[in-house]
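Just below is one structure, and these are the notes that go with it.
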Amino acid sequence: LLGNNCTIENNQISYCNQAGIFAVGSGNITSNYIFNIGLIVGQAYYGTFINAIKVTNNNYVIQYNRINNSGYSGVNIASTCDIITIKNNFITNVCLVLQDGGGIYTSGEGSARVIDGNIIMNSIGNNSGTPNPTRFLARGIYLDELSSYTTVKNNTVANCAEAGYVIHKAHHNTLENNVSFNNGDGVYFLNNGGSYVYSNSLRGNIFFAKAAKQLSLRFASGTDDIPKFGTASNNYYARPVDDDDVFLTYSPSTGTRYRTLASWQSFTGQDLNSHKSPITLTDTSRIDFYYNASTSNRVITLPQPMIDVKGTKYSTSITLLPYTSAVLMVDPNPAS
């Protein structure tokens with residue numbers, strides 16, 4: 001796509017050896033079904049071209065697309081892009097050939113990027129030929145180096161290898177009202193050189209670690225600047241099967257340290273009104289995840305009374321609005 005003010009709508013795009021859509025001009029990319037993109041190793045002109053959607057210019061709206069099976073990222077926004085809205089897309093099974101990407105990936109300085117109401121699942125990664133054959137580097141939403149002024153809100157990311165949300169040497173970004181479920185890390189801040197991670201805001205997010213080996217938040221920095229990352233409030237950091245050391249931080253002066261919510265609050269002075277899980281569990285099979293990747297409400301009949309991380313109880317059913325999700329746990333005291 002080379003022209004301006006173009007519309008790509010209601011197409012089925014599949015079995016491309018390079019990008020499904022490569023957009024250079026401007027316009028709308030809506031309601032397309034894009035699947036099996038860039039899955040044959042070595043066929044693309046460059047390995048990083050094997051994205052379902054790649055955008056390299058401003059003024060795009062990317063909405064209501066369904067993406068499944070991409071060799072690299074689902075939606076890749078180049079560092080040259082600024083005015084971009086990525087909203088209400090359903091993205092599954094990405095980074096199948098090349099890792100170090102995500103369901104939605106961006107980098108570089110910006111001023112008006114919005115990532116809103118997307119559902120991203122199963123960012124897997126491929127560690128073949130890498131120096132670390134046990135590490136899978138795939139994320140849900142990835143704000144890579146120097147990403148700035150990006151608003152990430154109302155998204156759901158689940159079942160991703162490394163992390164749900166990654167902020168890598170990035171600043172002046174907002175994460176608000178997002179859900180992270182069953183990812184290696186709920187959110188991962190990475191600053192591996194210089195003081196780049198600052199003025200970020202986390203508000204009203206749910207970082208839910210399903211397994212005991214997962215973390216709600218990880219922060220690794222090559223300098224002693226972790227408390228300067230920005231502001232955080234009214235978040236939920238939950239791992240009900242082991243709801244204690246759900247944070248991990250690394251900095252030169254403190255080394256690697258697991259932290260409770262209270263320790264994180266004391267260390268950073270942030271998240272003073274944030275919360276843990278309202279209940280504890282011993283069995284992860286008592287945790288259910290539901291999502292609605294459609295434009296209509298979805299009513300889900302529950303097998304038994306459930307409770308969410310905010311303490312809201314559901315006796316028989318739950319209604320999910322379009323492009324929303326819920327993480328529910330079996331209610332140990334439904335009569336209360």
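Quick caveat: nothing in here was measured; it's all calculated off a predicted structure.
Applying side chain to side chain donor-acceptor pair (under 3.5 Å) to R113 and the options T106, T151, N58 leaves one that passes, T106. The side chain to side chain donor-acceptor pair (under 3.5 Å) test with Q63 singles out one residue from T30, D116, N88, and that residue is N88. With V61 as reference, N28 is the one residue of T7, N28, I86 to meet the side chain to side chain contact (heavy atoms under 4.5 Å, CB included) rule.
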Salt bridge (Lys or Arg N to Asp or Glu O under 4.0 Å) for D144 and K169? Distances and angles first, verdict last. CA-CA 7 Å; D144 204 355; K169 295 171 67 173; over 6 Å; no
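Checked by atom type, the side-chain pair N76/K54 shows a donor-acceptor distance below 3.5 Å. A side-chain N or O of N89 and one of N65 form a donor-acceptor pair less than 3.5 Å apart. Checked by atom type, the side-chain pair N192/H168 shows a donor-acceptor distance below 3.5 Å. Residues Y314 and D308 bring a donor and an acceptor atom of their side chains to less than 3.5 Å of each other.
Side chain of N292 to backbone of L320: a donor-acceptor contact under 3.5 angstrom is found. For the pair N17 (side chain) and A44 (backbone), a donor-acceptor distance under 3.5 Å is absent. With hydrogens and angles ignored, the 3.5 Å screen pairs no side-chain donor or acceptor of Q43 with any backbone N or O of I40. Looking only at distances, a side-chain donor or acceptor of D82 sits under 3.5 Å from a matching main-chain atom of S111. Between the side chain of S73 and the backbone N or O of G102 there is at least one donor-acceptor pair closer than 3.5 Å. In terms of modelled atom types and a separation under 3.5 Å, the side chain of D243 and the main chain of S277 share a donor-acceptor contact. Remark: the backbone N or O of A158 is not paired with any side-chain donor or acceptor of N182 at under 3.5 angstrom.
Aromatic rings from F229 and W264 are positioned such that their centres are separated by under 6.0 Å. Taking the six-membered ring wherever Trp is involved, the centroid distance between the rings of Y196 and Y198 does not fall below 6.0 Å. Ring to ring, F207 and Y236 are not that close: their centroids are 6.0 angstrom or more apart.
Atoms CG and CG, from N126 and L98 in turn, are 8.0 Å apart once rounded to the nearest 0.5 Å. Rounding to the nearest 0.5 Å places CG of N159 at 12.0 Å from CD1 of I120. S266 contributes atom OG, which lies 9.5 Å from atom CG of L272 (distance to the nearest 0.5 angstrom). Taken to the nearest 0.5 Å, the CG atom of D244 stands 10.0 Å off from the OG atom of S263. Rounding to the nearest 0.5 angstrom, the gap separating the CG atom in D271 from the CG atom in L202 is 7.5 Å. In this structure, CG on N93 lies 5.0 Å from CG on N68, to the nearest 0.5 angstrom.
Side chains of N205 and V187 form no contact here, defined as non-hydrogen atoms less than 4.5 Å apart. Put simply, the side chain of I287 reaches to within 4.5 Å of the side chain of F208, judged on heavy atoms. Side-chain contact between V97 and Y72 is absent, with no heavy-atom pair separated by less than 4.5 Å. Using a 4.5 Å heavy-atom threshold, the side chains of Y165 and R139 count as separate. Put simply, the side chain of I226 reaches to within 4.5 Å of the side chain of S221, judged on heavy atoms. Taking the side chain as every heavy atom from C-beta outward, T324 and N154 never approach each other to under 4.5 Å. Residues H171 and E109 form a side-chain contact, since some pair of their non-hydrogen atoms from C-beta on lies under 4.5 Å apart. Contact annotation: the side chain of N69 never approaches that of Y15 to less than 4.5 Å [non-hydrogen atoms, C-beta and beyond].
The same ILVMFWY cluster, assembled from side-chain heavy atoms under 4.5 Å apart, contains both M329 and V179. Taken together through direct or relayed side-chain contacts under 4.5 Å among Ile, Leu, Val, Met, Phe, Trp and Tyr, Y64 and I84 form parts of separate hydrophobic clusters.
More than 12 heavy atoms of other shown residues, nucleotides or ligands fall within 6.0 angstrom of atom CZ in F90. The neighbour count for K313 NZ, taken as heavy atoms of other residues, nucleotides or ligands under 6.0 Å away, is above 12.
D242 and R239 are joined by a salt bridge, as a carboxylate oxygen and a charged side-chain nitrogen come within less than 4.0 angstrom of each other.
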